[in-house]
J.: 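Below is the structure I would like to discuss, written out as structure tokens.
Note: hydrogens, waters and symmetry copies are ignored here, and every other heavy atom, side chains too, is used. Throughout, a chain's letter reflects where its sequence line sits, starting with A, and its residues are numbered from 1.
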Amino acid sequence: MPELPEVEVTRQGIAPHLQGRVIDGVTIRNGALRWPVPRHLSAKLTGAVVQTIGRRGKFILIGCEGAVGAGTLIIHLGMTGTLRIVRPDAPVGVHDHVDIHLGATRLRFNDPRRFGAILWHAADDPVPLLASSHLRSLGVEPFSPAFAGEAGGRLLFQKTRGRLVSVKQMLLSGQIVVGVGNIYASESLFRARINPKNAAGRLGLVRYQRLAEEIRQVLQAAIVKGGSTLRDFVGSDGQRGYFQLDYFVYDRAQMPCRVCQTPVRMLRQGQRSTFYCPKCQRC
DNA sequence: AAGGTAACCTGACTGC
DNA sequence: TGCAGTCAGGTTACCT
């Protein structure tokens, strides 16, 4: 579910409920996520004050300062994770795995498939947060200066020279630019009129300038609409996203292209579905 | 280093 | 109704 827009909508939604608040407990009902939830998490967080609510790629980073020591709570939503602000007496669902208690509210992590993660990075760790194992190999942020304007296209162009992998899989890897998942990869390539099967190394600078622009635009437009809700994504207040209504190609196999009426095609690339219009994205 | 595949897990849907 | 098979928004581990 959650690509950058859904993660950012979540981050923006939870931030005002956490900022400056004191954590007074942690409930772990099922710690068997993508990686085990650290058993000492409650000890690290209880009594801590939330200082920052940031994001790196699809990871939410909650900076805390406590008596026991400062650090960062790293949260990833995986495929089906959600973070919601609930009252302490809210009924507990089957997949409500972790609660962070903040007085009269709780931050509740729900994740049916348990591909998500909740980790802790201590501020006194010799390895800096952004150099830690899950964050160190991420590409640039799509809304950072490094991907703004001409720099974005230039970066995609330079980093893909000699690469045989398809442009779709290059986007999905997150090694050059982060946040583009399976939906927004298909959508940004459609908007840039680029065929997803193209080898990344064979596309020219001009086409990458267009692609970078469309990536920025489609991610921004999706954030404005609250993300995409296909099955289970909800924001921190339980609100659904509406960007799925604006899809040009994703999950529209056989249906007419919204620009030229040609039936949209689906193909498999690295075990993931890709959707594209064979006419609008001829090359 | 780059490329390909399998794995983690639950739920929804399809077809027999 | 039931059961097997397939697919789903992500990421890492482990092979060539």
J.: Give one of base, sugar-phosphate or nothing for A:Arg272, where a contact means two heavy atoms less than 4.0 Å apart.
T.: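 Base: the residue A:Arg272, judged by heavy atoms under 4.0 Å, touches a nucleobase.
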
J.: Which range-with-range stems can be found for DNA chain B when each stem has 3 or more Watson-Crick or G-U pairs in a row and both distances sit under 3.5 Å?
T.: B:2-8 with C:10-16, B:10-16 with C:2-8

J.: Taking the six-membered ring for Trp, does A:Phe115 stack with C:dT11 (centroid gap under 5.5 Å, planes within less than 30°)?
T.: no

J.: Below 4.0 angstrom from OP1 or OP2 of B:dC8, is there any side-chain N or O of A:Arg114?
T.: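 The answer is no; no side-chain N or O of A:Arg114 sits under 4.0 Å from OP1 or OP2.
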
J.: Determine the contact category for A:Tyr250: base if any of its heavy atoms lies under 4.0 Å from a base atom, sugar-phosphate if only primed atoms, P, OP1 or OP2 are that close, otherwise nothing.
T.: sugar-phosphate

J.: Below 3.5 Å, can you tabulate the donor-acceptor pairs from side chains in residues 150-160 of chain A to any protein atom, sequence neighbours excluded?
T.:
residue: A:Thr160; atom: OG1; partner: A:Leu156; partner atom: O; Å: 2.7
residue: A:Thr160; atom: OG1; partner: A:Phe157; partner atom: O; Å: 3.0

J.: Taking the inter-plane angle between the rings of A:Phe243 and A:Tyr184 on a 0 to 90° scale, is it parallel (under 30°), tilted (30 to 60°) or perpendicular (over 60°)?
T.: tilted

J.: Would A:Glu141 and A:Arg56 pass as an ion pair if we require N to O under 4.0 Å?
T.: yes

J.: Please list, pair by pair, any protein nitrogen or oxygen found under 3.5 Å from a nitrogen or oxygen in nucleotides 12-16 of chain C.
T.:
residue: C:dT12; atom: O4'; partner: A:Arg34; partner atom: NH2; Å: 2.8

J.: Taking atom types as they are modelled, is there a donor-acceptor pair under 3.5 Å from the base of B:dC9 to the side chain of A:Arg113?
T.: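 Flag set: donor-acceptor pair detected.
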
J.: Please give me the minimum heavy-atom distance between A:Gln19 and A:Ile53, naming the atom from each residue.
T.: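 Scanning both residues completely, I find the closest heavy atoms to be OE1-CD1, 3.6 Å.
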
J.: Going by atom type alone, with no hydrogens or angles, which donor-acceptor pairs under 3.5 Å involve a side-chain atom of residues 253-260 of chain A and a protein atom two or more places apart or on another chain?
T.:
residue: A:Arg258; atom: NH1; partner: A:Asp246; partner atom: O; Å: 3.3
residue: A:Arg258; atom: NH1; partner: A:Tyr247; partner atom: O; Å: 2.5

J.: Between A:Arg163 and A:His95, name the one whose nearest nucleotide on DNA chain B is closer to the 5' end.
T.: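 Between the two, 5'-proximity favours A:Arg163.
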
J.: Sequence neighbours excluded, which residues qualify as salt bridge (charged side-chain N to carboxylate O under 4.0 Å, His left out) partners of A:Arg216?
T.: A:Glu213

J.: Who clusters with A:Leu130? Use side-chain heavy atoms, under 4.5 angstrom, across I, L, V, M, F, W and Y, and order the result by chain and number.
T.: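 Result for A:Leu130 is A:Trp35, A:Phe59, A:Leu61, A:Ile74, A:Leu119, A:Leu129, A:Leu135, A:Leu138, A:Val178.
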
